[in-house]
Amino acid sequence: DAKTTQPNSMESNEEEPVHLPCNHSTISGTDYIHWYRQLPSQGPEYVIHGLTSNVNNRMASLAIAEDRKSSTLILHRATLRDAAVYYCIPISNFGNEKLTFGTGTRLTIIP
Amino acid sequence: DAMVIQNPRYQVTQFGKPVTLSCSQTLNHNVMYWYQQKSSQAPKLLFHYYDKDFNNEADTPDNFQSRRPNTSFCFLDIRSPGLGDAAMYLCATSRDLKYNEQFFGPGTRLTVL
């Protein structure tokens with residue numbers, strides 16, 4: 001499994017953009033980069049995933065470096081509800097893959 | 001609207017007394033997972049079922065067992081809970097094993113007295 005490095009914690013002001021970095025320098029060429037988040041007292045929830053190109057959905061954007069050794073999850077306008085632990089997880093696209101959660105980044109939103 | 005349901009949300013048991021946690025899903029997904037999450041730690045996969053095929057993680061203690069009587073339900077049995085088994089237990093589902101989004105339930109918080 002590719003190892004990931006994320007900041008332990010980050011803070012952001014409400015209604016401002018947030019950039020959550022993740023280093024995955026040992027990622028395989030066929031690993032997708034998945035992001036999940038876990039709100040307080042809830043199970044994790046899927047946020048977004050991508051392989052090479054930048055990806056957008058209703059929750060966030062994912063910017064993937066050209067060499068794929070790092071990626072950045074972008075929340076365009078943080079709300080209090082975005083306070084959570086964010087996990088970056090590389091997953092191979094060759095079957096029987098499981099989520100291996102690292103330590104993640106605890107995001108605090110300041111009102 | 002509930003897709004992955006876990007009951008109960010809070011469970012208290014005594015040291016050594018068997019306990020069963022339940023999970024049900026309305027998504028008709030093939031795969032069901034059980035994770036253990038201890039305080040201030042990340043979730044850790046215990047095992048999963050792909051349909052009726054059971055797959056245990058190598059480091060999951062024998063004290064933990066699972067049953068999946070049908071597509072919708074999956075149970076986590078802890079045969080003799082120890083104090084170290086106090087944790088949040090999360091159930092998740094996915095349509096298939098191959099890089100599919102996993103849907104998590106709200107978890108059951110287990111206290112061992």
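Naming: A, B, ... by sequence-line order, numbering from 1 per chain.
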Q. Are more than 12 heavy atoms from other residues, nucleotides or ligands located less than 6.0 Å from atom CG of B:D62?
A. no
Q) Is A:I74 linked to A:L20 within one hydrophobic cluster, defined over Ile, Leu, Val, Met, Phe, Trp and Tyr using a side-chain heavy-atom separation of less than 4.5 Å? A) no
Q: Counting only heavy atoms closer than 4.5 Å, note whether B:P43 contacts chain A via side chain, backbone, both or neither.
A: both
Q: Taking all heavy atoms of A:Y87 and all of B:Q37, pick out the closest pair and write down the distance.
A: OH-NE2, 4.0 Å
Q) Are there more than 12 heavy atoms of other residues, nucleotides or ligands under 6.0 Å from atom CZ of B:R95? A) no
Q: Identify the two heavy atoms, one from A:P44 and one from B:L90, that lie closest to each other, and give their separation to 0.1 Å.
A: CD-CD1, 3.9 Å
Q | Heavy-atom contact with chain A under 4.5 Å, split by part of B:Y35 | A | side chain
(Q) Treating B:Y33 as the side-chain partner and A:L99 as the backbone partner, does any N or O pair qualify as donor plus acceptor under 3.5 Å? (A) no
Q. To the nearest 0.5 Å, how far apart are OH in A:Y46 and CZ in B:F104?
A. 13.5 Å
Q) Quick one: CD on B:Q41 to OG1 on A:T103, what's the gap to the nearest 0.5 Å? A) 11.0 Å
Q: Among residues two or more places apart or on two chains, list those pairs meeting side-chain hydrogen bond (donor to acceptor under 3.5 Å, both in side chains) that have a residue in residues 5-16 of chain B.
A: none
Q: Identify whether A:V18 and A:I64 are in the same connected component of the hydrophobic contact network (ILVMFWY, side-chain heavy atoms under 4.5 Å).
A: yes
Q: Please report the shortest heavy-atom distance between A:Y36 and B:Q102, naming the atom on each side.
A: OH-N, 2.8 Å
Q) Do the side chains of A:I33 and A:V55 join up, straight or via other hydrophobic residues, at under 4.5 Å, putting them in one cluster? A) yes
